[in-house]
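See below for the structure under consideration.
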Number of protein chains: 2
Amino acid sequence: MDEIEIPDSIRCEFEEKGGIAGIMESLPDDRKVEDFVSVARALSDPMRLRVLFALSMQPMCVCLLVAMTGYAYSKMSYHLSVLKESGLVCSRQEGNYLIYYLTDHGKKLVEWIETF
Amino acid sequence: MDEIEIPDSIRCEFEEKGGIAGIMESLPDDRKVEDFVSVARALSDPMRLRVLFALSMQPMCVCLLVAMTGYAYSKMSYHLSVLKESGLVCSRQEGNYLIYYLTDHGKKLVEWIETF
DNA sequence: CCAACGTTTCAACAATTTTTGAAACAATAG
DNA sequence: CTATTGTTTCAAAAATTGTTGAAACGTTGG
């Protein structure tokens with residue numbers, strides 16, 4: 001197997017690690033990768049990141065987030081759905097209002113980002 | 001200012017925090033947001049995440065990453081450039097080979113992801 | 001019941017990101 | 001110098017993501 005030419009400076013270390021197969025086995029499994037990627041995607045937009053931080057200060061209805069950002073409802077709704085699908089936020093209904101707030105996962109993540 | 005209707009359950013806490021203006025002031029500044037978003041974008045692809053982890057095990061030439069992933073050179077090169085632009089990896093030339101490895105920032109990030 | 005309000009959904013469109021394959025480049029070997 | 005090898009760059013095409021405005025939905029108040 002593993003019959004590629006690679007420079008000496010990495011060959012030895014590489015073979016000790018079991019070559020391609022060895023390295024690939026030590027990689028995080030697909031589920032972990034997909035979960036993390038979904039979170040990373042959710043965080044990869046400036047406004048979504050700000051919304052996440054705003055919600056870490058307190059739960060908010062959509063109208064508040066709309067007022068804060070100047071976004072249209074439909075736009076905010078889209079971004080909230082991305083955050084929701086990644087498991088970082090969830091919502092509860094209160095009368096006419098939908099109140100968004102961080103999940104435990106979301107809270108942990110914000111703390112974690114703050115130490116970064 | 002702040003003349004929007006918001007539900008009672010959040011109004012009080014919201015006003016204590018200084019309303020919209022107060023919340024917005026406590027948000028991370030634009031530079032921090034942009035930096036973090038650039039890293040999040042780099043991590044928001046499964047193969048880039050795997051490459052990052054692979055490089056955390058040892059430096060590798062592009063040909064090794066190509067062999068590991070089955071990607072075309074040009075494709076791998078593109079993804080490496082995304083990782084490079086976000087400051088997570090860098091490269092050194094060794095003869096004909098380009099060896100990619102994690103920056104300090106990249107190493108710190110991988111450790112940080114592992115605790116997640 | 002009806003009207004108003006806060007919100008989501010949808011489809012068309014725009015913008016951005018990713019993939020592809022060919023061509024270019026830089027370093028080495030002959 | 002030429003040929004080869006490892007890699008990047010580029011432009012065109014494909015895929016994905018984000019935006020927009022209108023319509024629909026669910027809840028409340030009259």
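Proteins come first, then strands; the chains are lettered A, B, ... in the order of their sequence lines, and each starts at number 1.
Contact record, A/Ile99 with B/Pro7: CD1-CG, 3.6 Å, taken as the closest heavy-atom pair. Here the closest non-hydrogen pair linking B/Ser44 and B/Arg41 is OG-O, 2.7 Å.
When hydrophobic residues (I, L, V, M, F, W, Y) are linked wherever their side-chain heavy atoms come within less than 4.5 Å, A/Tyr101 remains an isolated member. Chaining together hydrophobic side chains whose heavy atoms lie under 4.5 Å apart places A/Tyr78 alongside A/Val82.
Taking CG of B/Leu43 as the reference point, atom CZ of B/Arg48 lies at 8.5 Å (rounded to 0.5 Å). Going from atom CG of A/Asp8 over to atom OH of B/Tyr97 covers 9.0 Å, rounded to the nearest 0.5 Å. Considering SG of A/Cys63 and OH of A/Tyr73, their distance stands at 4.5 Å, rounded to 0.5 Å.
Stem regions for DNA chain D, each three or more consecutive Watson-Crick or G-U pairs with both distances under 3.5 Å and listed by first number, read C:1-30 with D:1-30.
With sequence neighbours left out, the side chain to side chain donor-acceptor pair (under 3.5 Å) criterion links A/Thr103 to no other residue. Scanning for salt bridge (charged side-chain N to carboxylate O under 4.0 Å, His left out) contacts around A/Glu85 gives an empty result, with sequence neighbours left out. The side chain to side chain donor-acceptor pair (under 3.5 Å) search around B/Lys17 returns B/Glu13, not counting sequence neighbours. Applying the side chain to side chain contact (heavy atoms under 4.5 Å, CB included) rule to B/Val110 yields the partners B/Leu52, B/Phe53, B/Ser56, B/Leu102, B/Glu114; only residues at least two apart in sequence or on another chain are considered.
With salt bridges taken as basic N to acidic carboxylate O contacts below 4.0 Å, one links A/Glu15 and A/Arg11.
Looking at A/Lys84 and A/Ser91, their side chains come closer than 4.5 Å, going by heavy atoms from C-beta outward.
Looking at residues 82-102 of chain B, you'll see B/Gln93, B/Gly95, B/Asn96 sit with a heavy atom under 4.0 Å from some atom of DNA chain C. Contacts of residues 66-81 of chain A with DNA chain C (heavy atom under 4.0 Å): A/Tyr73, A/Ser74, A/Ser77. For the contact set between residues 29-62 of chain A and DNA chain C, defined by any heavy atom under 4.0 Å, the members are A/Cys61, A/Val62.
Along DNA chain D, read 5' to 3', the first and last nucleotides having any atom under 4.0 Å from a heavy atom of chain B are D/dT5 to D/dT9.
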Which side-chain N or O atoms in residues 18-34 of chain B pair as donor and acceptor under 3.5 Å with protein atoms at least two apart or in another chain?
from: B/Ser26; atom 1: OG; to: B/Gly22; atom 2: O; distance (Å): 3.0
from: B/Asp29; atom 1: OD1; to: B/Arg31; atom 2: N; distance (Å): 3.2
from: B/Asp29; atom 1: OD1; to: B/Lys32; atom 2: N; distance (Å): 3.0
from: B/Asp30; atom 1: OD1; to: A/Arg50; atom 2: NH2; distance (Å): 3.3
from: B/Arg31; atom 1: NH1; to: B/Asp35; atom 2: OD2; distance (Å): 3.1

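Taking the six-membered ring where tryptophan is involved, the planes of B/His79 and B/Tyr71 are tilted, since the angle between them lies from 30° to 60°.
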